[in-house]
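To keep things clear, I will list the structure first and then write my remarks on it.
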Amino acid sequence: MNLGKNFIHPFIKSAHYNFQQHRTIVKVRLKWVKNRSLDHIIDVQTDLKAACLIKDAITRSSTGYLTAKSLSDSQKLLGLTVPTLRFIRRYPTLFEEYPHPKYPSLPCFRLTQLAQMLQEREMRVFEECEGDTVERLCKVLMMTQNKVVPVQSLHSLKWDLGLPNDFDRNLVKKYPEKFRVVKERNGLDCLKLVQWQEEFSVSKLQEINEKSVPLSTDNANSNGLVGYGRFKKGKAALEFPMSFPRGYGAQKKVKAWMDEFQKLPYISPYEDSRGIDPNSELMEKRVVGVLHEFLSLTIYKKTKRNYLRSLREDLNLPHKFTRIFTRYPGIFYLSLKCKTTTVALREGYRRGRLVDPHPLSRHRDKFHYVMRTGLVYRNKAADFLPQLDNLVENAENDTAEEESDEEEIEMAGECYDSEAEVGSDDG
């Protein structure tokens, strides 16, 4: 069954008739609640991402090094809150500073032996996870209206989606039956899905429910969707996992709101939504589903809000779709750390750790451990690397014991309406 861009499931048509005319779900005024655990993760990974981007830039350089001059204006690009030179000098286990061959007063930076060995390991991880990467990229394209995404937008999301630096060249060349680079009317290079991949059209939420609730042929279609008849009886199985900040779940208004929301039909993010009233509650739940699925596809179950904004039209999201993040705090967490706004999927974390870490995130954990070890192992890379797996695992266990799910702190006076924007960012 081909669910192409023009396919509209009969389930949507029925739901469209019943729900698009009225908005009956109560609007609740909520307070922004800070989660120290998730904020700490975002803070740490901002530095980790910056270090990895510098490492990649040095690897791509024909000289094998970068000068202080070439790094001087990269602070904003790297998302750092300190000057790049001060940042890179914090990590001598990764970056070795030495004078330029021709201009001794000009500092240069190259990878240490340990960083080079970690880079080689990372390349192997990409190779081993290539099938998973191809599936993730296909699913992102399948969620869009025209099965096309600007390459520039995907490059911004490389870190979050776990894409290799040369994905738009090597993956396209290796999988011509799935991807093609095309030139759109605006002149931008775009990645296009060549053929619909039916085996990838099941969302993460459907997978969760299929594992927990056995689906029979009379209550689900071939794509795993709960039938509309079953929904009418109040037995819809597809419910979003929710984890409210302390105190929210016990509030009667919030509970009533979420109960009504969960009873609405679930529309797969891989189905065409252009037949749904954009002002309906059904469309709102569809938007929640799209954002939930997109964040589920990321390595760390989070991304910057502005990256999602760049895909707004492609994903058929409303102009003010970012209100969803503050309207549904049981599903999403909005962080204002590091002078930007990051959106995280709450269900992706437990006790300060990823619930189901990807092999690439495990490798990046090792990279981060090396960042934190200082000078101790700087000249002992060959001896240190075999111990790295055990050292990182022990460090993670120590961290998990210290972290708690109950770290949310209500920020007095920082209220937000579920219909209002929270924060602004530059990237």
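The figures that follow rest on heavy atoms only: side chains count, while hydrogens, waters and symmetry mates do not. Numbers for residues simply follow the sequence, beginning at 1.
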What distance separates [X] [atom1] from [Y] [atom2], expressed to the nearest 0.5 Å?
{"X": "Leu291", "Y": "Leu311", "atom1": "CG", "atom2": "CG", "result": "10.5 Å"}
{"X": "Ser310", "Y": "Leu157", "atom1": "OG", "atom2": "CG", "result": "6.0 Å"}
{"X": "Arg90", "Y": "Met371", "atom1": "CZ", "atom2": "CE", "result": "9.0 Å"}
{"X": "Leu141", "Y": "Arg136", "atom1": "CG", "atom2": "CZ", "result": "13.0 Å"}
{"X": "Thr144", "Y": "Asn146", "atom1": "OG1", "atom2": "CG", "result": "6.5 Å"}
{"X": "Thr322", "Y": "Phe332", "atom1": "OG1", "atom2": "CZ", "result": "11.5 Å"}

Do [X] side-chain atoms and [Y] backbone N/O form a donor-acceptor pair below 3.5 Å?
{"X": "Arg312", "Y": "Leu317", "value": "yes"}
{"X": "Lys139", "Y": "Val202", "value": "yes"}
{"X": "His363", "Y": "Leu118", "value": "yes"}
{"X": "Ser361", "Y": "Pro357", "value": "no"}
{"X": "Thr84", "Y": "Gln75", "value": "yes"}
{"X": "Glu184", "Y": "Asp189", "value": "no"}
{"X": "Glu271", "Y": "Ser268", "value": "no"}
{"X": "Ser70", "Y": "Leu66", "value": "no"}
{"X": "Tyr300", "Y": "Leu354", "value": "no"}
{"X": "Asn35", "Y": "Leu38", "value": "yes"}

Any donor-acceptor N or O pair under 3.5 Å, side chains Tyr333, Asp39: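 Side-chain D/A pair, Tyr333 to Asp39: present.
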Less than 3.5 Å apart, any donor N or O on the side chain of Tyr175 or Glu130 sitting next to an acceptor on the other?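 Looking only at side-chain atoms, Glu130 and Tyr175 do form a donor-acceptor pair, the distance falling under 3.5 Å.
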So which heavy atom on [X] is nearest to which on [Y], and how close?
{"X": "Gln195", "Y": "Gln197", "result": "O-NE2, 2.8 Å"}
{"X": "Tyr91", "Y": "Asp47", "result": "OH-OD2, 3.9 Å"}
{"X": "Asp168", "Y": "Asn165", "result": "OD1-O, 4.0 Å"}
{"X": "Asn279", "Y": "Asp277", "result": "N-OD1, 2.9 Å"}
{"X": "Ala344", "Y": "Leu295", "result": "C-CD1, 4.3 Å"}
{"X": "Asp43", "Y": "Cys338", "result": "OD1-SG, 3.3 Å"}

Determine, using ring centers only, whether Trp159 and Tyr307 are less than 6.0 Å apart.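 Centroid separation for Tyr307 and Trp159: 6.0 Å or greater.
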Residues [X], [Y]: salt bridge by 4.0 Å N-O rule:
{"X": "Asp160", "Y": "Lys302", "answer": "no"}
{"X": "Lys204", "Y": "Glu293", "answer": "no"}
{"X": "Arg364", "Y": "Glu122", "answer": "no"}
{"X": "Arg327", "Y": "Glu284", "answer": "yes"}

Side-chain touch [X]/[Y], heavy atoms, less than 4.5 angstrom:
{"X": "Leu154", "Y": "Pro150", "value": "no"}
{"X": "Pro269", "Y": "Tyr266", "value": "yes"}
{"X": "Lys366", "Y": "Arg121", "value": "yes"}
{"X": "Cys138", "Y": "Phe179", "value": "yes"}

Taking only residues two or more places apart in sequence, or in another chain, which ones meet Asp56 in a salt bridge (Lys or Arg N to Asp or Glu O under 4.0 Å)?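 Asp56 satisfies salt bridge (Lys or Arg N to Asp or Glu O under 4.0 Å) with no other residue.
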Parallel, tilted or perpendicular, as decided by the 30° and 60° cut-offs, for the rings of Phe167 and His155: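 His155 and Phe167: tilted rings.
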Run the side chain to side chain contact (heavy atoms under 4.5 Å, CB included) check on Glu135 and Glu199 step by step: do they pass? CA-CA 9 Å; Glu135 178 178 347; Glu199 67 273 22; over 6 Å; no
Atom CD of Glu313: over 12 foreign heavy atoms under 6.0 Å: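 No, because the 6.0 Å sphere around CD of Glu313 holds 12 heavy atoms or fewer from other groups.
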Honestly, is Lys285 close enough over Phe261, meaning NZ or CZ under 6.0 Å from the six-membered ring centre and within 45° of the axis?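 Relative to the ring axis of Phe261, which defines the angle, Lys285 lies inside both limits.
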Test side chain to side chain contact (heavy atoms under 4.5 Å, CB included) applied to Glu347 and His292, step by step: CA-CA 10 Å; Glu347 71 192 68; His292 179 278; 2.8 Å; yes
